[in-house]
There are 2 protein chains.
Amino acid sequence: MELTERKKQILKIVVESYIDTAEPLGSKAIAEKMPGKISSATIRNELADLGEMGYLEQPHTSAGRIPSAKGYRLYVNELMERRPLSEEEQAAINDSLRGELRQTEQVVARAGQMAQSLVNYPTYAAADHRSAVTVKRYELLPVDEASFIAVVMLSDSRVKSQLMAVDLPVEPSALPAMSHLLNTHFTAIPAREMNGKLMGLSDQVVPEWFLLLNRVVEYAGELLQDDSHTQVFTSGASRIMSFPEFRDIDKAQGLMHFMVDNKEKLPVPTTDAPMQILIGPENVSDALKESSVVMASYDIGDNMRGLIGVVGPTRMDYATVAARLSYFAESLTRMFGKRELPAKEEEGNP
Amino acid sequence: MELTERKKQILKIVVESYIDTAEPLGSKAIAEKMPGKISSATIRNELADLGEMGYLEQPHTSAGRIPSAKGYRLYVNELMERRPLSEEEQAAINDSLRGELRQTEQVVARAGQMAQSLVNYPTYAAADHRSAVTVKRYELLPVDEASFIAVVMLSDSRVKSQLMAVDLPVEPSALPAMSHLLNTHFTAIPAREMNGKLMGLSDQVVPEWFLLLNRVVEYAGELLQDDSHTQVFTSGASRIMSFPEFRDIDKAQGLMHFMVDNKEKLPVPTTDAPMQILIGPENVSDALKESSVVMASYDIGDNMRGLIGVVGPTRMDYATVAARLSYFAESLTRMFGKRELPAKEEEGNP
DNA sequence: TGTTAGCACTCAAGGAAAGCGAGTGCTAAA
DNA sequence: TTTAGCACTCGCTTTCCTTGAGTGCTAACA
């Protein structure tokens, strides 16, 4: 059976109406929305075909049609109008970006919140490293005879530090030497190689030193480790409950539990495309089988990539969400391009 | 009218049954649970009195009685048996505390999660400073001619650091001098005084220095500021939906929205008591008027105090929650007492 | 005076029956 | 290929009824 132009048009009407109202659409209503005069009976024939081809479904015999996941997919791939944002919409986004966004740590969460208010669906946000992070430099600063500060500079320009307590007094003059040791042996290598290297040193340095080195290396390891499962932030998760498909408390709970207490398992893009859409059963997690996710990523500088995901019912307003989200992500990328390092004005990039 | 011993006993039975089943309890059922033989008619008389005094309510004329907020309050204050934890329960808590809890930053969130699994109600967690945090020490480390690292040690022993870009090259030798300047003028003072001090220096140092000093002081100010509205973590928020009183999706959404997207407004203790209970309408926030909150705090060292809150329906199991939570909080305090600074081993431990 | 048995009354909850109406599939004619 | 017509399906809503748990009140009892 062939997917004629008219069938596509009908599908588009059904999808968009369902996105709008969450109600099945009948042949008569479709006939009225079609250009030219076509009787509802004709539409019914077409609907039967579309159903047979798997693009439409019927909740029950005497109800209208609703799109299937396959139907949504076709809509997203072919039928959806990728309208650019209006001036006002762009202005709104640009406004929300003005000021704000300083501390790299908070950028990701804040971006998620902004996206949330932009699309009116729950969102989540995270950061991702394109390449593995390593330690670039160590620095040990004396505090008193009972403690010192370990400063660790990472390859993505983040700098982390922690106060370390010492059990046995170490003369302060030893710290620079130990820094040197760390900088020559424990930089630019992945976390998993650190322990091996450390063992190699165990009989070359005095035990007191070794203990401290161990502690600093362990701290660095934690920092690198920590990065793999970076924090995920959600915004407006409870909004999911205002959609009629989640009026059922058990469904709502399932999804809320996933978004709030299992954030880490929310999907991440599997392709390099600037935007990816997962429709209903295309999702891996069971909790998302009845939801759709739109994901976009942006460059955050320092070889890092930010991720924003939008979660909604399968009948989510793909066209609007996709348009706003991609513009937003582009704006963020543009913005971070300008100020590669926080507070650094533009000039040549390293 | 007097609150006789028998009335109290009846109230206790009603509260505990309602906590257990979420169903109103009738006179006959109460009569059966009372020691000695008393007819349901007598109970009915007592119930009428208790209702008049405001301790009990009736959902509708032909239903049994349920406790009012006032009834719960009396129960919590006088009637509840403050049973200590059993050996097994204590062991379970101790087990969950073993290992874990290193990085001061993550302690709070982790503690909240642990509490969650302990009480089976949603929890939230935050940290609080007993006294204002100030900067204890600054350190500026050279990186290259385009940037340096600012390390800021805070009075609560946290150490924060960030990479700073410089616009105009500053000879590296200037950094120690600037550190000194910072350490003499910008330590141990509250954030709001910093700007004034900085202005005072504006004509005493060369403009390039001033710019950098400004940036470091600004960074420090952010750190201190940041502290006032510390992050709040929630665990198991979606669990609230499994309670019958929140089967209603709108109620559930109201509370979820509050717990997930308005965490910052969750209540904090108003007294110094080790545990505080807020019952239903005693809560300030509208969203919590139909819920109860049990809060406990623990010492985290460094003049900081951790807070754990448990959120549930008004009929939450106060006795169990209070017992577990207070034991847990005490255990945490004990634990942090032992290892004041992270990573300091206790003597004699493997 | 407090307690109890008895009784009429109330009211939410659950189920069956009936009517409504949106929407369908099929047939036969244009 | 399109259309009009028509019988049929089936979820929803409303109405009505029944059931049963629980009450308040009264009058008798210890």
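The chains referred to below are lettered A, B, ... by the order of the sequence lines, with proteins before strands, and numbering in each begins at 1.
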J.: Decide if atom NZ of A:K265 counts as having more than 12 heavy atoms of other residues, nucleotides or ligands within a radius under 6.0 Å.
T.: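 No, NZ of A:K265 has 12 or fewer neighbouring heavy atoms, counting only those of other groups under 6.0 Å.
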
J.: Kindly write out the residues that satisfy salt bridge (charged side-chain N to carboxylate O under 4.0 Å, His left out) with A:D49, not counting sequence neighbours, or none if the list is empty.
T.: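 By the salt bridge (charged side-chain N to carboxylate O under 4.0 Å, His left out) rule, A:D49 matches A:K7.
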
J.: For B:T270, give me all partners under side chain to side chain donor-acceptor pair (under 3.5 Å), at least two apart in sequence or on another chain.
T.: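 Expected list: B:Q276.
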
J.: Please tell me which of B:H60 and B:S39 maps to the more 5' nucleotide of DNA chain C, matching each residue to the nucleotide holding its nearest heavy atom.
T.: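 Looking at DNA chain C, the more 5' nearest nucleotide goes with B:S39.
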
J.: Round to the nearest Å and state the distance from B:E23 atom CD to C:dA12 atom P.
T.: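 So the two atoms are 15 Å apart, to the nearest Å.
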
J.: To the nearest Å, how far apart are A:D49 CG and C:dC26 P?
T.: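 Whole-Å distance recorded here is 12 Å.
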
J.: Starting at atom CD1 of A:I30, determine the distance to atom C1' of C:dG23, rounded to an integer number of angstrom.
T.: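 After rounding, the gap between these two atoms is 11 Å.
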
J.: Got a sec, which residues hit side chain to side chain donor-acceptor pair (under 3.5 Å) with A:S39, two or more places apart in sequence or on another chain?
T.: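 Applying side chain to side chain donor-acceptor pair (under 3.5 Å) to A:S39 gives A:T42.
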
J.: I'd like to check the side chain to side chain donor-acceptor pair (under 3.5 Å) partners of B:R73; sequence neighbours left out, ordered by chain and number.
T.: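 Checked B:R73 against side chain to side chain donor-acceptor pair (under 3.5 Å); matches are B:N77, B:E282.
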
J.: Tell me: CD of B:E52 to C1' of D:dG24, nearest whole Å?
T.: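 Checked: the CD to C1' distance equals 13 Å.
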
J.: List, with names and distances, any nitrogen or oxygen atoms from the protein found under 3.5 Å away from nitrogen or oxygen atoms belonging to nucleotides 19-23 of chain D.
T.:
| from | atom 1 | to | atom 2 | distance (Å) |
| --- | --- | --- | --- | --- |
| D:dG22 | O4' | B:S62 | O | 3.4 |
| D:dG22 | O3' | B:A63 | O | 3.4 |
| D:dT23 | OP1 | B:R65 | NH1 | 3.0 |
| D:dT23 | OP2 | B:S27 | N | 3.2 |
| D:dT23 | OP2 | B:S27 | OG | 2.7 |

J.: Check the distance between D:dC29's P and B:I38's CD1 and give it to me in whole angstrom.
T.: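 From B:I38 CD1 to D:dC29 P: 22 Å.
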
J.: Keeping to residues at least two apart or across chains, list the ring-ring contact (aromatic ring centres under 6.0 Å, His included) pairs with something in residues 30-82 of chain A.
T.: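 Applying ring-ring contact (aromatic ring centres under 6.0 Å, His included) to every pair that reaches into residues 30-82 of chain A, excluding sequence neighbours, yields A:Y72-A:Y318.
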
